[in-house]
A.B. asks: 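Attaching a single structure in structure tokens format; questions to follow.
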Amino acid sequence: MANLNIIPSSTIPCTKEQAIADSLKAHPVSLSLPQPFYTEQANFDIEMEQIFQKEWLFVGLSCEIPKKGNFMTQQIGNSPITIVRDQNGEVRAFHNVCRHRGSKLCLTEKGKTAKLVCSYHQWTYELDGNLLYAGTDMGDDFDKSKFGLHPVHCKNAGGYIYISLSDNPTNIDDYFEDLAHYLEPYDLENAKVAVEKTIVEEANWKLVIENNRECYHCSGSHPELLGSLLEWDDTEDPRASDEFKFLVASKQALWDAEGIPHKHVSHGYAKRNRIVRMPLKEGTLAMTVDGQLAVKKLMGRIKNPELGSMRILHLPNSWNHAQSDHIVAFQVKPLGPRKTEVTTKWVVHKDAVEGVDYDPERLTYVWDETNKQDRRLVENNQRGINSIAYQPGPYSATYEFGVINFIDWFSYTMQVNIAASSELTTSNGLTG
């Protein structure tokens, strides 16, 4: 658990960061966090620095930038980022900041361009980030090769794009390899985002993740979702019935026959990355209001409509449900200590025709309703936590084990990253 000793406190200067690390080390992961972790700007700023500026983040899908020159942009805290398909077809990421005077370079959320051109003074960059043109007045000794765009670490794993703003990001290649293998049947290079919707929830980002990591609340809040979803992620769940275990075994035999990956795999501390395929309720094929397919054209090489839901978790900012006919991908983006952006994308075969192969309203209905319900739940959660009466409360080890795993991962990651930052500061002679 994360409250084990990671680094002796006496070796680190007393800072706000260290006070946070000490608080987390002393706090049981079986309880919800102390109030400042859900409400205070100072805590939020340090979480952005220690997690969202260091860990790998899900930012989109390769099918969103299908051709050379296609780009999309992201805002991670104060850092604008551009993800682009370069001249060789590779997916790259750069800080969206011109090397001249720092102006933001790409100004739209998505687009297509032959070169990356700053609208301020027309400095021009190749799609691989190299500076091509800086005007004629920079002097004879100006070296363009020293002023390319600052790169951002970027991985394309089976069509899912991840970035890390860290100079030395954590190695999670084992997860990327598994993800590429599990996504292979979907052929995401030949897919498209049919619908994209973003909502802003007036709640801390951790409450959004906590809510997702348990289905304790589902029976009282998500009638549409429970029309198709079985809440268990594993036959080892102590609540799993014999009927459920039999259903899983029968479906897995069919998946094995078609070469569809399904076994539960997890990577990283407290299972931060998890992939598993689970059946939907017997007689249902997709997360739709009637449980039937939302899209007539199945994805990739898939032939069997009874693939259930492949659930993909990536902490700190994404969960996903991949079905035979479409994928639902979620991205969480913190905007402030009590404000979080949640983007949902419904992904279908690139040749599926709107109005012929799918109805967007029917495709999105179940998760539209679920997202609205979850927003109300986490906003009410935030309002209660804001109160002077709030105290950390206990999680259920049975129903909320996923939340405990998340809090454990969050606490551990914050402590480790703060300790690493303190060691770097000390080694650079910057302790004050």
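Everything quoted here is computed from the prediction, not taken from an experiment. Residue indices begin at 1 and follow the sequence shown.
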A.B. asks: Can you run down the side chain to side chain donor-acceptor pair (under 3.5 Å) pairs that involve residues 393-407, sequence neighbours left out, and say none if there aren't any?
C.D. replies: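 Every side chain to side chain donor-acceptor pair (under 3.5 Å) pair that includes a residue of residues 393-407, provided the two are not neighbours, is Glu210-Tyr395.
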
A.B. asks: Going by disulfide bond (SG atoms under 2.5 Å apart), name the residues that satisfy it together with Cys154, two or more places apart in sequence or in a different chain.
C.D. replies: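 Residues passing disulfide bond (SG atoms under 2.5 Å apart) with Cys154: none at all.
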
A.B. asks: Can you sort out the partners of Pro34 under side chain to side chain contact (heavy atoms under 4.5 Å, CB included), two or more places apart, ordered by chain and number?
C.D. replies: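 So Pro34 forms a side chain to side chain contact (heavy atoms under 4.5 Å, CB included) with Ser23, His27, Pro36, Phe37.
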
A.B. asks: Considering residues at least two apart in sequence or located in another chain, which fulfil the side chain to side chain donor-acceptor pair (under 3.5 Å) criterion with Arg85?
C.D. replies: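 If we apply the side chain to side chain donor-acceptor pair (under 3.5 Å) test to Arg85, skipping adjacent residues, the hits are Glu189.
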
A.B. asks: I'd like to check the side chain to side chain donor-acceptor pair (under 3.5 Å) partners of Asn417; sequence neighbours left out, ordered by chain and number.
C.D. replies: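 If we apply the side chain to side chain donor-acceptor pair (under 3.5 Å) test to Asn417, skipping adjacent residues, the hits are Glu55.
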
A.B. asks: If you draw a 6.0 Å radius around CD in Glu109, do more than 12 non-hydrogen atoms from other residues or ligands fall strictly inside?
C.D. replies: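 12 or below, so no.
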
A.B. asks: For a side-chain contact (heavy atoms from CB on, under 4.5 Å) with Tyr269, tell me which candidate from Asp408, Leu315, Thr170, Val416 qualifies.
C.D. replies: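 Exactly one pass, corresponding to Asp408.
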
A.B. asks: Only counting residues at least two apart or in another chain, list the ones meeting side chain to side chain donor-acceptor pair (under 3.5 Å) with Asn381.
C.D. replies: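 If we apply the side chain to side chain donor-acceptor pair (under 3.5 Å) test to Asn381, skipping adjacent residues, there are no hits.
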
A.B. asks: Testing Lys68, Lys144, Arg92, Lys115 one by one against Glu126 for a salt bridge (Lys or Arg N to Asp or Glu O under 4.0 Å), which residue passes?
C.D. replies: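 Going through the options one by one, the only one that passes is Lys115.
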
A.B. asks: Tell me every residue that passes ring pair (Phe, Tyr, Trp, His ring centres under 6.0 Å) with Phe58, counting only those two or more places apart in sequence or in another chain.
C.D. replies: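 For Phe58 the ring pair (Phe, Tyr, Trp, His ring centres under 6.0 Å) partners, ignoring immediate neighbours, are Tyr160, Tyr162.
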
A.B. asks: Once salt bridge (charged side-chain N to carboxylate O under 4.0 Å, His left out) is applied, what residue pairs with a partner in residues 146-167 remain, sequence neighbours excluded?
C.D. replies: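 Residue pairs passing salt bridge (charged side-chain N to carboxylate O under 4.0 Å, His left out), neighbours aside: Lys155-Asp173.
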
A.B. asks: Could you tell me which residues satisfy side chain to side chain donor-acceptor pair (under 3.5 Å) with Asn273, sequence neighbours excluded, listed by chain and number?
C.D. replies: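 Side chain to side chain donor-acceptor pair (under 3.5 Å) check on Asn273 returns His314.
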
A.B. asks: Does the ring-ring contact (aromatic ring centres under 6.0 Å, His included) test come out yes or no for Trp319 and Phe330, once each step is laid out?
C.D. replies: CA-CA 5 Å; Trp319 64 88; Phe330 301 85; 5.1 Å; yes

A.B. asks: Could you pull out all residues at least two apart from Asp234 that satisfy side chain to side chain contact (heavy atoms under 4.5 Å, CB included)?
C.D. replies: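 Partners of Asp234 by the side chain to side chain contact (heavy atoms under 4.5 Å, CB included) criterion, ordered by chain and then number, come out as Glu236, His264.
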
A.B. asks: Would you check if Glu64 and Lys110 make a side-chain contact, meaning some heavy-atom pair closer than 4.5 Å?
C.D. replies: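 Yes, their side chains come closer than 4.5 Å.
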
A.B. asks: So, using side chain to side chain contact (heavy atoms under 4.5 Å, CB included) as the criterion, who are the partners of Pro394 when residues are at least two apart?
C.D. replies: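 Only Leu31 meet the side chain to side chain contact (heavy atoms under 4.5 Å, CB included) criterion with Pro394.
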
A.B. asks: Please list, chain by chain and in numerical order, all residues satisfying side chain to side chain contact (heavy atoms under 4.5 Å, CB included) with Cys106, sequence neighbours excluded.
C.D. replies: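 Here the qualifying residues are Phe71, Thr73, Thr82, Asn96, Leu116.
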
